[in-house]
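Structure, as structure tokens:
What you see is a predicted model, and the numbers here were worked out from it, not measured in a lab. A note on names: the letters A, B, ... follow the listed sequences, proteins ahead of strands, and every chain is numbered from 1.
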There are 2 protein chains.
Amino acid sequence: MNKKAYQSQAELFQVLSHPVRLQILDALRSQDCCVCHLQALTKRPQAYVSQQLRVLRDFGLVSDEKDGQNVYYRLCNDMVGELLGMVLTSNGPKAVMIDCTCPRCNEVG
Amino acid sequence: MNKKAYQSQAELFQVLSHPVRLQILDALRSQDCCVCHLQALTKRPQAYVSQQLRVLRDFGLVSDEKDGQNVYYRLCNDMVGELLGMVLTSNGPKAVMIDCTCPRCNEVG
DNA sequence: TAAGTATATGCAAAGAAAGATATATATTTT
DNA sequence: AAAATATATATCTTTCTTTGCATATACTTA
């Protein structure tokens, strides 16, 4: 393996080496989420969450889709999904109460 | 999953987010190596290699064993081995000529 | 069209990591 | 015991990352 390859793989790990980005990716493993949802989940300011989403987006790990006022993010890299599954020993989707105001979180089921 | 968990997994990725450390770990996947071997492989100064080995050692990814003048390092974390196998698409051990002076690299076969 | 809500961007301060260099220690050889 | 070899550590400077904050944009509703 050559230098360039190690470099680019190191860059992937660099993107993953951040607790909030990991938390976001883990959330996106089970469902796509809007920013305000991730904001409620991580308990961080909106601008902060958007900044981390930008890092993930720029690196091609997530894609975004606008729906009205909201922007929904989804995981768009299978390898990273698997990788997270291997490392994050999350025991399935946990029923965390999240105070998110977006339509999806508040639709009548 | 809680904050602490994401934090500690981020720390693992942090350790992996370094091209030379990745190269070292990749080398150790196929065989244990002494420092001078890794020095020849990475073409970095000895002190630099030792510094990276310390990071890996402190994080529990490699262990070391002294044999005479030489110190041999080995991968000692199965999960990380697997993880690397997944990410580093190295096509098996490549026959790179390495100018290492240690006994193992120079024993008569 | 004004006000409210959701999201994105730009920038600066603080903190962390990278890499270079000097030097220390331990082992072997002469 | 001195010289040579292999490895480790300490320290410093530079560069990168993180995070907070101010502000900009875009959509929606009144």
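For dT5(D), the OP1/OP2 oxygens have no side-chain nitrogen or oxygen of Thr101(B) closer than 4.0 Å.
Arg44(B) comes within 4.0 angstrom of no nucleic acid atom, judged by non-hydrogen atoms across all strands. When heavy atoms are screened at a 4.0 angstrom cut-off, Tyr73(A) is found touching the sugar-phosphate backbone but no base atom. Here Cys34(A) lies in heavy-atom contact (under 4.0 Å) with sugar-phosphate atoms only.
Glu82(B) pairs by the salt bridge (Lys or Arg N to Asp or Glu O under 4.0 Å) definition with nothing, not counting sequence neighbours. By the salt bridge (Lys or Arg N to Asp or Glu O under 4.0 Å) test, Arg57(B) pairs with no residue at all, sequence neighbours left out.
Near-neighbour residues of DNA chain D inside residues 7-25 of chain A, defined by a heavy atom below 4.0 Å, number-ordered: Gln14(A), His18(A), Arg21(A). Against DNA chain C, the stretch residues 55-62 of chain B makes no heavy-atom approach under 4.0 Å.
Asn70(B) places a side-chain heavy atom less than 4.5 Å from the side chain of Cys36(B). Counting heavy atoms from C-beta on, the side chains of Leu88(B) and Tyr6(A) come closer than 4.5 Å. For the pair Gln23(A) and Leu38(A), the minimum side-chain heavy-atom distance is 4.5 Å or more. Between Asn77(A) and Val62(A) there is no side-chain heavy-atom pair separated by less than 4.5 Å.
Only one option out of Asp32(A), Leu28(A), Val49(A) pairs with Tyr73(A) in a side-chain contact (heavy atoms from CB on, under 4.5 Å); it is Leu28(A). Tested against Tyr72(A), the residues Val35(A), Asp64(A), Asp67(A) include a single side-chain contact (heavy atoms from CB on, under 4.5 Å) partner, Asp67(A).
With rounding to whole Å, Arg54(A) atom CZ is found 14 Å from dT18(D) atom P. Atom CG in Asn106(B) sits roughly 14 Å away from atom C1' in dT5(D) (whole-Å rounding). Rounded to a whole Å, the OH atom of Tyr72(A) is 15 Å from the P atom of dC27(D).
Chain B approaches DNA chain C over the interval dA17(C) to dT28(C), counting the first and last nucleotide 5' to 3' with an atom under 4.0 Å from its heavy atoms.
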Practice task
Using the side chain to side chain contact (heavy atoms under 4.5 Å, CB included) rule, take Val20(B) and Arg44(B) through it: C-alpha gap first, then chi angles, then the decisive distance, then the call.
Solution key: CA-CA 9 Å; Val20(B) 173; Arg44(B) 301 281 179 158; 3.7 Å; yes

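A distance of 15.0 Å separates CG in Asp26(B) from CZ in Arg21(B), rounded to the nearest 0.5 Å. Expressed to the nearest 0.5 Å, how far CD1 of Ile24(A) lies from CZ of Arg29(A) amounts to 14.5 Å.
Heavy-atom contacts from other residues, nucleotides or ligands closer than 6.0 Å to CD of Gln7(A) number more than 12.
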Exercise for the section: Assign a letter to each nucleotide of nucleotides 21-26 of chain D from its 5' end: B, base within under 4.0 Å of a protein heavy atom; S, sugar-phosphate only; -, no contact. Expected result: BB---S

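Between His18(B) and Tyr48(B), the angle of the ring planes lies from 30° to 60°, which puts this pair in the tilted group.
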